Each structure stands twice: as C-alpha cells, then as structure tokens.
Amino acid sequence: MSGEKEDFVSLVPGKVNMYVCGITAYDVCHLGHARSAVVFDIIKRYLRYRGYEVTHTRNITDIDDKIIARAAKENISTEAVAKKYTAEYYRDMELLGVGRADIEPNATDHIKEMVHTIEVLIDKGYAYPVDGDVYFEVGKFCDYGKLSKKNPLDLLSGARVDVDERKKSPLDFALWKSSKPGEPSWESPWGKGRPGWHIECTAMSSKYLGESFDIHGGGADLIFPHHENEIAQSEAYSGKRFVKYWVHNGFITVDKEKMSKSLGNFFTIKDILDKYEPEVVRYFLLSAHYRSPIEFSDVQLNEAELSIDRYYTTVMRTNDYLETAGDKEKAAPSTELEGLLASFKDKFHNAMNDDFNTALVLGFIFELIREVNKFLDAKPSGQKAKMLVIQARDLLAEVGGVLNIFNKTPKEWYSSLMKVKKIDLSESDLQERINARQAARENKDWAAADNIRNELLAKGIILEDKKDGTAWKIKVG
RNA sequence: GGCGACGUACCCAAGUGGCUAAGGGGGAGGUCUGCAAAACCUUUAUUCAGCGGUUCGAAUCCGCUCGUCGCCUCCA
C-alpha cells in the first residue's frame with residue numbers, strides 16, 4: 001500500500017491468508033496469465049517452506065460481459081464457456097507446475113453473498129440503486145485512490161469513460177447490473193441481474209479469508225480500477241482495513257509493449273508449450289524480478305533453456321561421480337565449495353525474504369553449480385568428497401523444490417526435450433547408433449565414429465564421450 | 001492532460017549509500033579430449049541514460065533533461 005517494500009508480519013502469527021485474482025474464463029490463457037499464476041505459486045510455496053500455514057484463494061470469474069459475448073458467438077451457455085476455459089486454464093497451469101489453490105471459488109456460486117454485501121453497502125449509504133442497477137458511490141469513500149495513488153479529481157478530469165447520466169459520478173461503478181432479456185440472471189432485491197465484476201472478490205475473500213487478510217495479489221493492470229474498487233467496497237462494508245500487503249506482478253511485453261488481448265500481441269500458453277519445455281517457460285518467468293516487465297522473445301526462452309541444460313548437465317555429472325567415485329581418500333581443493341555450501345541456504349532465504357528475488361536465487365544456484373563442477377574437475381575421491389557433492393545436490397534440490405524447477409532427472413529432461421523438439425528418433429535407435437559408434441571408436445576408425453556423431457548432431461542430438469561410455473543430450477539454445 | 005514505473009556490458013539480468021558492480025548467454029584466448037562435447041581458467045562495465053546537487057563516500061538519495069513503458073476503458 002505504501003508503494004515500498006515493507007517487513008512482512010502476518011495478521012495471525014504463523015498463518016498467511018492470500019487472495020489472488022484468477023481469470024475470467026472466456027478464452028484460452030496467454031503468457032501474462034501464466035506469469036501471475038507462477039509468481040503467486042512461488043510466493044505460496046516459499047511461505048509454506050518457511051513454515052507458514054498458507055490459505056490460498058484464487059477465484060474464477062464465470063459470469064461477465066465477455067463470457068456472455070463468447071457464449072453467444074459459440075452458441076452455447078455461459079456455464080459451458082466458463083467450464084471449458086476453466087478446464088483449459090487448469091491444464092495449462094498444471095503443465096507449468098502451478099499448484100491448485102486451496103479455495104477456488106466461482107462467482108456464480110456466491111450470488112447470495114454478493115447480494116448481501118450490496119445490501120449492507122446500500123444500508124450504510126455507500127451505494128444506491130437505479131433502475132435495477134446498483135452503483136457504489138465513490139465520493140462517499142474518502143480513501144478512494146489510496147492504492148493506485150490516484151486523486152479522484154484527476155480521474156474526473158481525465159475520464160475517458162462515456163458518462164452514464166444515471167450515475168451520480170462518472171467514477172461510480174456497478175455492484176449489480178440488471179440483465180437484458182435472454183442474458184443469464186439471478187434474482188435480487190433490485191430485480192433480475194448479475195453481479196458487477198469487483199464485488200465478487202469482496203464477497204468471496206471475506207467469506208473465506210475474513211474481512212481483513214494478509215496478501216492480495218494480481219497483475220499490475222488490476223490495481224486500477226479493480227483493486228481500488230475492491231478496497232472501497234470492502235472497507236466501506238466492514239469498516240476495517242481490507243488487505244495488509246498488496247502484491248502486483250509486472251507485465252510480459254512483446255517489443256516492449258504489454259502483452260494483452262486487446263493489442264492482439266499475445267502468445268497463448270498452449271502455443272508456447274508447443275515449442276518449449278514447460279520448465280523453460282517457468283524458468284523464464286523467474287529470471288526477472290516479479291515486479292519488472294519481462295520481454296518475451298525466442299532469444300530469452302532459448303537462454304532459459306541453456307541455463308536449465310547447464311543445471312541438468314551438472315546433475316548428470318554429480319550422479320556419475322557418486323556412482324563411480326572410489327573410496328580412496330583423495331582430497332581436492334574444496335574451501336570455496338565448502339564456504340558456499342555453508343552460506344547457501346542463508347543466501348537463498350535472504351534473497352527470497354527480500355520481496356521474492358528469484359532472479360538473485362538463480363544467480364546463487366549457478367555460482368554453486370560452478371563450484372561443484374570445479375570440484376569434480378579436480379577428480380577427488382573418498383567419503384568426504386562424496387559428502388560434499390551429496391550436500392550440494394541436496395541443497396540444489398531443496399531450492400529447486402521451492403521454485404518448482406530443476407526437479408526432473410537429467411534423463412527426463414532430455415526425453416522431454418526430445419518430444420518438444422520433435423526429434424524423430426527412438427531412444428533405442430539412438431542407443432543403437434551410439435553402440436555402432438563405440439565399435440568404430442574401439443577400432444580407432446575415427447572417420448566412421450565422427451560420421452555417426454555428425455549424423456546425430458544434424459538431428460539435434462549431442463554425444464559426450466566419457467571414460468565409461470557415451471552419453472547423449474539434446475542440443476539446446 | 002493527470003498519475004506512476006523504468007533506463008546497469010554485445011544481449012538478458014541482480015544489485016537501491018561503503019568490501020573486487022552477482023549470475024546466465026555471446027565473443028576472444030587457454031586447459032582437458034583421438035577429434036569433439038561438457039567442464040574449468042583467463043579475458044570482455046575504472047563504470048551504472050545525461051547534467052547538476054546532498055554526502056567523508058552514490059548505480060543506489062534529491063533536482064532537472066532526454067528516452068522507454070504502464071495506468072487513467074476490459075485486462076494477469
């Protein structure tokens with residue numbers, strides 16, 4: 001609310017109530033929706049990891065103008081539209097590793113609660129009915145604009161909205177809209193109609209999280225008017241502070257412009273996942289701070305893919321090492337690795353405590369990766385060396401677990417890449433080519449061996465010769 | 001027009017008062033290797049859009065200028 005970072009103290013010690021605006025289910029989701037979902041998924045995971053009991057509520061708006069328009073276009077019911085795109089949303093989110101919220105309320109299941117909220121607002125003099133509609137009277141709520149730092153007078157003078165003569169002020173917004181014939185509607189004291197957009201979040205958040213709760217999130221485009229209106233309704237209704245901490249994620253941009261439906265410059269999650277491994281997309285979204293804009297481009301996604309590949313390549317090395325390293329104690333320079341291992345968790349916590357700085361965490365991960373590789377290059381052996389490598393592996397897995405990335409085996413990573421890059425070669429055929437090349441190498445027939453390697457490279461497969469055999473990887477980047 | 005955010009190397013990006021300005025990608029050179037790949041090492045910003053100011057000290061705070069973007073209408 002201050003527009004600055006503040007120390008986090010939950011309202012109830014050890015417990016965090018978080019409400020995040022979900023989607024309006026009228027179309028498939030694009031990468032912008034993914035960013036919001038991933039950001040709050042990580043906030044939730046991190047808070048839980050640090051021991052908070054988190055109740056995460058994420059709503060689905062299943063009735064509004066866009067859904068009605070879509071239903072008319074597809075000649076199906078609004079329920080069918082909402083159901084279809086909610087299902088699409090969940091499928092996209094699951095692929096991106098976004099967990100389900102604890103409570104996922106639909107607007108249409110809470111009409112009763114919304115009607116009640118509106119009645120109270122009218123009783124308290126904050127709202128007025130006109131011809132079957134009900135409006136919130138912004139002028140009655142003196143804190144209006146405190147979140148978006150807007151002055152109601154400035155808003156009036158700069159208003160681009162068509163003025164509705166029935167409203168007392170152009171800033172007043174609908175709590176309840178009367179329905180036109182043929183539109184879905186619910187009974188209310190003001191006649192048949194449906195709820196305005198903002199009221200669902202007030203009614204549902206107070207039902208599930210209470211009138212005051214800790215974190216409210218969503219995309220930065222929701223700050224005004226949606227969240228400003230939520231504050232007005234909720235605080236007018238309860239007389240209490242609505243939300244302690246507001247968290248808004250920045251936009252995905254394309255050529256520096258916000259990715260959005262109306263600009264038409266959006267990429268759907270589905271289309272992106274056709275070209276990139278889901279983990280690549282998730283990593284990409286974590287590679288910049290959640291409040292910063294992040295530019296979508298193939299270059300960026302490819303860099304994310306390279307970074308993840310670097311991670312799995314090292315995991316492969318550590319696994320090989322732990323399987324093959326001897327027991328004879330052979331020390332290797334390890335002071336830097338040991339130092340990093342000792343401080344790693346603190347660095348991770350500090351970065352995440354500082355407004356969820358995932359980009360910084362990724363930096364730490366690659367520092368550790370480098371130290372592990374350096375250590376392995378020195379070819380150490382014995383119990384102590386193995387312990388260090390295991391410790392590094394476990395730490396990386398712990399952090400990866402919180403961010404929900406880096407949780408595959410290298411083999412799963414490459415198999416998945418093989419699919420996403422549509423490489424037309426079965427793993428058994430691949431192994432057959434590797435064996436043939438190995439035979440050529442044993443005969444020192446380097447020309448034949450190189451031929452096979454080049455042939456596979458042309459298909460996007462890289463071979464790595466090691467002491468005890470040849471490993472394959474998928475070419476990335 | 002009002003309000004707000006941002007501008008760090010060839011690219012992405014962290015850093016918001018003080019140790020050598022993280023990390024990834026790319027480039028150059030090297031070690032290793034049958035050759036590769038991977039990995040590692042060295043190198044690639046005496047400088048943080050520009051100009052002033054505050055301070056013992058600023059990329060970091062303040063002011064101005066330039067540039068980019070966002071919100072003010074549905075929007076993640």
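All values below come from the heavy atoms of this structure, side chains included, with hydrogens, waters and symmetry mates left out. Chain letters run A, B, ... following the sequence lines, proteins first, then strands; residues in each count from 1. Keep in mind that this is a model prediction, so the values were computed, not measured.
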**Student:** Kindly indicate whether a cation-pi arrangement holds for A:K347 with A:F364, taking the cut-offs as under 6.0 Å to the six-membered ring centre and within 45° of the axis.
**Tutor:** yes
**Student:** Please tell me which of the listed nucleotides, B:rA14, B:rG34, B:rG24, lies nearest to the side chain of A:L360?
**Tutor:** B:rA14
**Student:** According to a strict under-4.0 Å criterion, is A:S292 in side-chain N/O contact with OP1 or OP2 of B:rA14?
**Tutor:** yes
**Student:** Closest approach to the side chain of A:D465, judged atom by atom: which nucleotide of B:rC35, B:rA37, B:rA76 is it?
**Tutor:** B:rC35
**Student:** Starting at NZ of A:K5 and ending at C1' of B:rU60, how long is that distance when rounded to a whole Å?
**Tutor:** 12 Å
**Student:** Out of B:rG25, B:rA76, B:rC40, which has the shortest distance to the side chain of A:L306?
**Tutor:** B:rG25
**Student:** If you go through the side-chain atoms of A:R453, does one of them form a donor-acceptor pair with the base of B:rA36 closer than 3.5 Å?
**Tutor:** yes
**Student:** State whether A:Y90 and A:R100 meet the cation-pi test: NZ (Lys) or CZ (Arg) under 6.0 Å from the six-membered ring centroid, and within 45° of the perpendicular axis.
**Tutor:** yes
**Student:** Let me know the distance between CZ of A:F224 and P of B:rA5, rounded to the nearest Å.
**Tutor:** 17 Å
**Student:** If you compare every side-chain N and O of A:N357 against the phosphate oxygens of B:rG15 (OP1, OP2), does one of them come in below 4.0 Å?
**Tutor:** yes
**Student:** Just call it for A:R58: base, sugar-phosphate, or nothing, with non-hydrogen atoms closer than 4.0 Å on any strand.
**Tutor:** nothing
**Student:** Return whichever of A:Q300 or A:E464 has its heavy-atom-nearest nucleotide of RNA chain B closer to the 5' end.
**Tutor:** A:Q300
**Student:** Would you mind pulling out the nucleotide paired to B:rC19, Watson-Crick or G-U wobble, both distances under 3.5 Å?
**Tutor:** none
**Student:** What nucleic acid atoms does A:F251 come within less than 4.0 Å of, heavy atoms only: base, sugar-phosphate, or nothing?
**Tutor:** base
**Student:** Applying the Watson-Crick and G-U wobble criteria at under 3.5 Å, what pairs with B:rC64? Answer none if nothing qualifies.
**Tutor:** B:rG50
**Student:** Roughly how far apart, to the nearest Å, are B:rC10 and B:rG53 at atom P?
**Tutor:** 28 Å
**Student:** Out of B:rA39, B:rG23, B:rG34, which nucleotide sits closest to the side chain of A:R437?
**Tutor:** B:rG34
**Student:** Return the stacking result for B:rG34 and A:W446: yes when the ring centres lie under 5.5 Å apart and the planes under 30°, no otherwise.
**Tutor:** yes
**Student:** Salt bridge or not for A:K146 and A:D143, using N-O below 4.0 Å?
**Tutor:** yes
**Student:** Ignoring the backbone of A:E367, work out which of B:rA22, B:rA76, B:rC40 is nearest its side chain.
**Tutor:** B:rA22
**Student:** Distance to the ring centre below 6.0 angstrom and angle to the axis at most 45 degrees; does that hold for A:K150 and A:F224?
**Tutor:** yes
**Student:** When all nucleic acid strands are considered with a 4.0 Å heavy-atom cut-off, which category describes A:K66: base, sugar-phosphate, or nothing?
**Tutor:** sugar-phosphate
**Student:** Within the structure shown, what part of the strands sits under 4.0 Å from A:N249 by heavy-atom distance: base, sugar-phosphate, or nothing?
**Tutor:** base
**Student:** Side chain of A:K473: nearest nucleotide among B:rA38, B:rA76, B:rG24?
**Tutor:** B:rA38
**Student:** Any side-chain heavy atom of A:T86 sitting closer than 4.5 Å to one from A:D62?
**Tutor:** no
**Student:** Base, sugar-phosphate or nothing for A:I252? Non-hydrogen atoms, less than 4.0 Å.
**Tutor:** base
**Student:** Across the strands shown, which category fits A:G250 at heavy-atom distances under 4.0 angstrom: base, sugar-phosphate, nothing?
**Tutor:** base
**Student:** What's A:H226 touching, base or sugar-phosphate or nothing? Going by heavy atoms closer than 4.0 Å.
**Tutor:** nothing
**Student:** Whole angstroms only, please: what is the NZ-P distance between A:K374 and B:rC32?
**Tutor:** 18 Å
**Student:** Taking a pair as Watson-Crick or G-U wobble with both distances under 3.5 Å, which nucleotide is matched to B:rA58?
**Tutor:** none
**Student:** Nearest heavy atom decides the nucleotide; on that basis, is A:G363 or A:N151 closer to the 5' end of RNA chain B?
**Tutor:** A:N151
**Student:** So A:L222, base contact, sugar-phosphate only, or nothing? Heavy-atom distance under 4.0 Å.
**Tutor:** sugar-phosphate
**Student:** Name the pairing partner of B:rA28, where a pair is Watson-Crick or G-U wobble with both distances under 3.5 Å, or state none.
**Tutor:** B:rU42
**Student:** Using a 4.0 Å cut-off on heavy atoms, which residues in residues 254-268 of chain A reach RNA chain B? List them by number, or say none.
**Tutor:** A:K256, A:E257, A:K258, A:M259, A:S262
**Student:** If you only use heavy atoms from C-beta on, which nucleotide in B:rG34, B:rG24, B:rC72 is closest to the side chain of A:D450?
**Tutor:** B:rG34
**Student:** Using whole Å, report how far CD of A:E305 lies from C1' of B:rC12.
**Tutor:** 16 Å
**Student:** Taking the same atom, C1', in B:rA28 and in B:rU65, what whole-Å distance lies between them?
**Tutor:** 39 Å
**Student:** Rounded to the nearest Å, what distance is computed from the NZ atom of residue A:K467 to the C1' atom of nucleotide B:rA37?
**Tutor:** 16 Å
**Student:** Between B:rA38, B:rA39, B:rC71, which nucleotide gets closest to the side-chain atoms of A:R310?
**Tutor:** B:rA39
**Student:** If we call it a pair only when both distances are under 3.5 Å in a Watson-Crick or G-U wobble match, what pairs with B:rG34?
**Tutor:** none
**Student:** B:rG23 P sits how many Å from A:F406 CZ, rounded?
**Tutor:** 16 Å
**Student:** Taking the C1' atom of each, how far is B:rA13 from B:rC48, in whole Å?
**Tutor:** 13 Å
**Student:** Under the 6.0 Å and 45° cation-pi test, does A:K408 pair with A:Y312?
**Tutor:** no
**Student:** Can you check the distance between B:rA45 and B:rC11, where both ends of the measurement are the P atom (answer in whole Å)?
**Tutor:** 13 Å
**Student:** Given the side-chain rings of A:H289 and A:F356, with only the six-membered ring counted for Trp, is the space between their centroids under 6.0 Å?
**Tutor:** no
**Student:** Just to be sure I understand the rule, does A:G32 reach a base, reach only the sugar-phosphate, or reach nothing, if contact means heavy atoms closer than 4.0 Å?
**Tutor:** base
**Student:** Can you tell which of B:rC72, B:rC35, B:rA14 lies closest to the side chain of A:A288?
**Tutor:** B:rA14
**Student:** For the residue pair A:F296 and A:F267, is the inter-centroid distance of their aromatic rings smaller than 6.0 Å?
**Tutor:** yes
**Student:** Within this structure, what is the CG-to-P distance between A:D320 and B:rA39, rounded to whole angstrom?
**Tutor:** 14 Å
**Student:** In Watson-Crick or G-U wobble terms, both distances under 3.5 Å, what is the partner of B:rA13?
**Tutor:** none
**Student:** What distance, rounded to whole Å, do you find between the two P atoms, one in B:rA37 and one in B:rA58?
**Tutor:** 46 Å
**Student:** Would you say a side-chain N or O of A:R370 is under 4.0 Å from OP1 or OP2 of B:rG23?
**Tutor:** yes
**Student:** Which value, in whole Å, describes the distance between the C1' atoms of nucleotides B:rC72 and B:rG63?
**Tutor:** 27 Å
**Student:** Give the C-alpha distance, both sets of side-chain angles, the deciding distance and a yes or no for side-chain hydrogen bond (donor to acceptor under 3.5 Å, both in side chains) between A:D214 and A:Y19.
**Tutor:** CA-CA 8 Å; A:D214 298 291; A:Y19 184 97; over 6 Å; no
**Student:** What distance, rounded to whole Å, do you find between the two C1' atoms, one in B:rU44 and one in B:rA9?
**Tutor:** 8 Å
**Student:** Determine whether A:E230 and A:C21 make a side-chain contact, defined as any pair of heavy atoms from C-beta on separated by less than 4.5 Å.
**Tutor:** yes
**Student:** B:rA76 C1' sits how many Å from A:I223 CD1, rounded?
**Tutor:** 11 Å
**Student:** State whether A:D429 and A:K459 are salt-bridged, where the test is any N-O pair (Lys NZ or Arg NE/NH1/NH2 against Asp/Glu carboxylate O) under 4.0 Å.
**Tutor:** no
**Student:** Taking atom P in both B:rG15 and B:rA22, compute the distance separating them and give it to the nearest angstrom.
**Tutor:** 14 Å
**Student:** My understanding is that a pair needs two contacts under 3.5 Å, Watson-Crick or G-U wobble. By that rule, which nucleotide pairs with B:rC71?
**Tutor:** B:rG2
**Student:** State plainly whether the residues A:E305 and A:K275 are in salt-bridge range, i.e. N to O under 4.0 Å.
**Tutor:** no
